[in-house]
Enquirer: 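Just dropping this structure here.
Bear in mind that the values here come from a model prediction, so they are computed numbers and not experimental data.
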Amino acid sequence: MKQLWRAEDISPLGLAFIGDAIWEIYARNHCLNAGVRKPRDLHLRCTRYVAAAAQAEALKMLEPVLNEAELEMVRRGRNQKSAHVRRNVDVLVYRYSTGFEALIGYLHATDQIERLHELAALALAYLDEIER
């Protein structure tokens, strides 16, 4: 599908919206690559990667390797006021996860696919490591 919008025309929350979907695809592909095949097991395993707490942890690990533009997108995403916050998630964790999703959406929207792959691979490997 052709992308008719530009990243600079979308709010950080809009980028987080698309980033959430992109990250979900990375997580699902990662689980399938790990050999998980049963739908219930896939769902349970993928939620480990897409949960707000996991995204916040991944972002904290990634921050030292992010460039200035990426850090700015994270900051903007993290500081956006959302209409709601999930009840079962701490506000700071939710904000960091929104920053993570905004970063993923930004990289996708600006066609920085190699960088997106690089950061996603680092995040997934880190989340696997802390899960053990």
Enquirer: If I take atom CG from residue Leu127 and atom CG from residue Leu122, how far apart are they, to the nearest 0.5 angstrom?
Expert: 11.0 Å
Enquirer: With clusters defined by side-chain heavy atoms of hydrophobic residues (ILVMFWY) lying less than 4.5 Å apart, directly or transitively, does Leu92 cluster with Met61?
Expert: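 No, separate clusters.
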Enquirer: Mind checking whether Glu70 and Leu119 have side chains closer than 4.5 Å, heavy atoms only?
Expert: yes
Enquirer: Kindly determine whether Val50 and Glu101 satisfy side chain to side chain contact (heavy atoms under 4.5 Å, CB included), including the steps that lead there.
Expert: CA-CA 10 Å; Val50 300; Glu101 291 172 345; over 6 Å; no
Enquirer: Quick check on Arg40: does its CZ atom have over 12 non-hydrogen neighbours (other residues, nucleotides or ligands) under 6.0 Å away?
Expert: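 Atom CZ in Arg40 is not packed in, count stays at 12 or less.
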Enquirer: Is Phe100 reachable from Val93 through a run of hydrophobic residues whose side-chain heavy atoms are each under 4.5 Å from the next?
Expert: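 No: no chain of side-chain contacts under 4.5 Å links Val93 to Phe100.
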Enquirer: Please name all residues satisfying salt bridge (charged side-chain N to carboxylate O under 4.0 Å, His left out) with Glu57, sequence neighbours left out, ordered by chain then number.
Expert: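 If we apply the salt bridge (charged side-chain N to carboxylate O under 4.0 Å, His left out) test to Glu57, skipping adjacent residues, there are no hits.
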Enquirer: Considering only heavy atoms from C-beta outward, does the side chain of Trp23 approach that of Leu124 to under 4.5 Å?
Expert: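 Yes. Closest side-chain heavy atoms under 4.5 Å.
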Enquirer: Rounded to the nearest 0.5 Å, how far does CZ of Arg75 lie from CD of Gln80?
Expert: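 The distance works out to 10.0 Å.
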Enquirer: Just wondering, more than 12 heavy atoms not from Arg45 lying within 6.0 Å of its CZ?
Expert: yes
Enquirer: Check Cys31 against Cys46 and note the closest heavy-atom contact, atom names and distance.
Expert: SG-SG, 3.2 Å
Enquirer: Quick check: do Glu24 and Tyr49 have side-chain heavy atoms less than 4.5 Å from each other?
Expert: no
Enquirer: Are any non-hydrogen side-chain atoms of Tyr126 and Leu62 less than 4.5 angstrom apart?
Expert: no
Enquirer: Could you pull out the closest heavy-atom pair between Ala102 and Gly77, with the gap in Å?
Expert: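 Smallest interatomic distance, heavy atoms only, reads CB-CA, 3.9 Å.
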Enquirer: Return the CG to CD1 distance between Leu15 and Ile104, rounded to the nearest 0.5 Å.
Expert: 11.5 Å
Enquirer: When Ile, Leu, Val, Met, Phe, Trp and Tyr are grouped by side-chain heavy atoms lying under 4.5 Å apart, directly or through other members, which residues fall in the same group as Leu32?
Expert: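 Answer for Leu32: Val36, Leu42.
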Enquirer: Hey, does His108 have a side-chain heavy atom less than 4.5 Å from the side chain of Ile18?
Expert: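 Yes, their side chains come closer than 4.5 Å.
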Enquirer: What closest approach, in Å, do Leu59 and Tyr96 show between heavy atoms, and which atom pair accounts for it?
Expert: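 Smallest interatomic distance, heavy atoms only, reads CD2-O, 3.3 Å.
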Enquirer: Working to the nearest 0.5 angstrom, can you tell me the gap between Leu44 CG and Lys38 NZ?
Expert: 12.0 Å
Enquirer: If I compare all heavy atoms of Ala52 with all of Val89, which pair ends up nearest, and what's the gap?
Expert: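 Smallest heavy-atom distance, with atoms named: CB-CG1, 3.9 Å.
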Enquirer: When you compare the side chain of Glu72 with that of Tyr106, does any pair of heavy atoms fall below 4.5 Å?
Expert: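 Not touching, per the 4.5 Å side-chain cut-off.
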Enquirer: What's the separation between atom CD1 in Ile22 and atom CG in Leu107, rounded to the nearest 0.5 Å?
Expert: 10.5 Å
Enquirer: Got a sec, which hydrophobics cluster with Phe17, joining ILVMFWY side chains under 4.5 Å apart, including via others?
Expert: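 Taking Ile, Leu, Val, Met, Phe, Trp and Tyr as members, Phe17 stands alone, with no cluster partners.
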Enquirer: Could you tell me whether the side chain of Asp128 reaches within less than 4.5 Å of the side chain of His30, counting heavy atoms only?
Expert: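 Yes, side chains in contact.
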Enquirer: For atom CD of Glu114, decide whether the heavy atoms of other residues, nucleotides or ligands shown that lie under 6.0 angstrom number more than 12.
Expert: no
Enquirer: Has Glu8 got more than 12 heavy atoms of other residues, nucleotides or ligands less than 6.0 Å from its CD?
Expert: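 Counting neighbours around CD of Glu8, more than 12 heavy atoms of other residues, nucleotides or ligands fall under 6.0 Å, so yes.
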Enquirer: Run Asp41 and Arg37 through side chain to side chain contact (heavy atoms under 4.5 Å, CB included) and show every step you take.
Expert: CA-CA 7 Å; Asp41 294 342; Arg37 295 293 184 264; over 6 Å; no
Enquirer: Looking at CG of Asp20 and CD of Gln55, how far apart are the two atoms once the value is rounded to the nearest 0.5 Å?
Expert: 6.5 Å
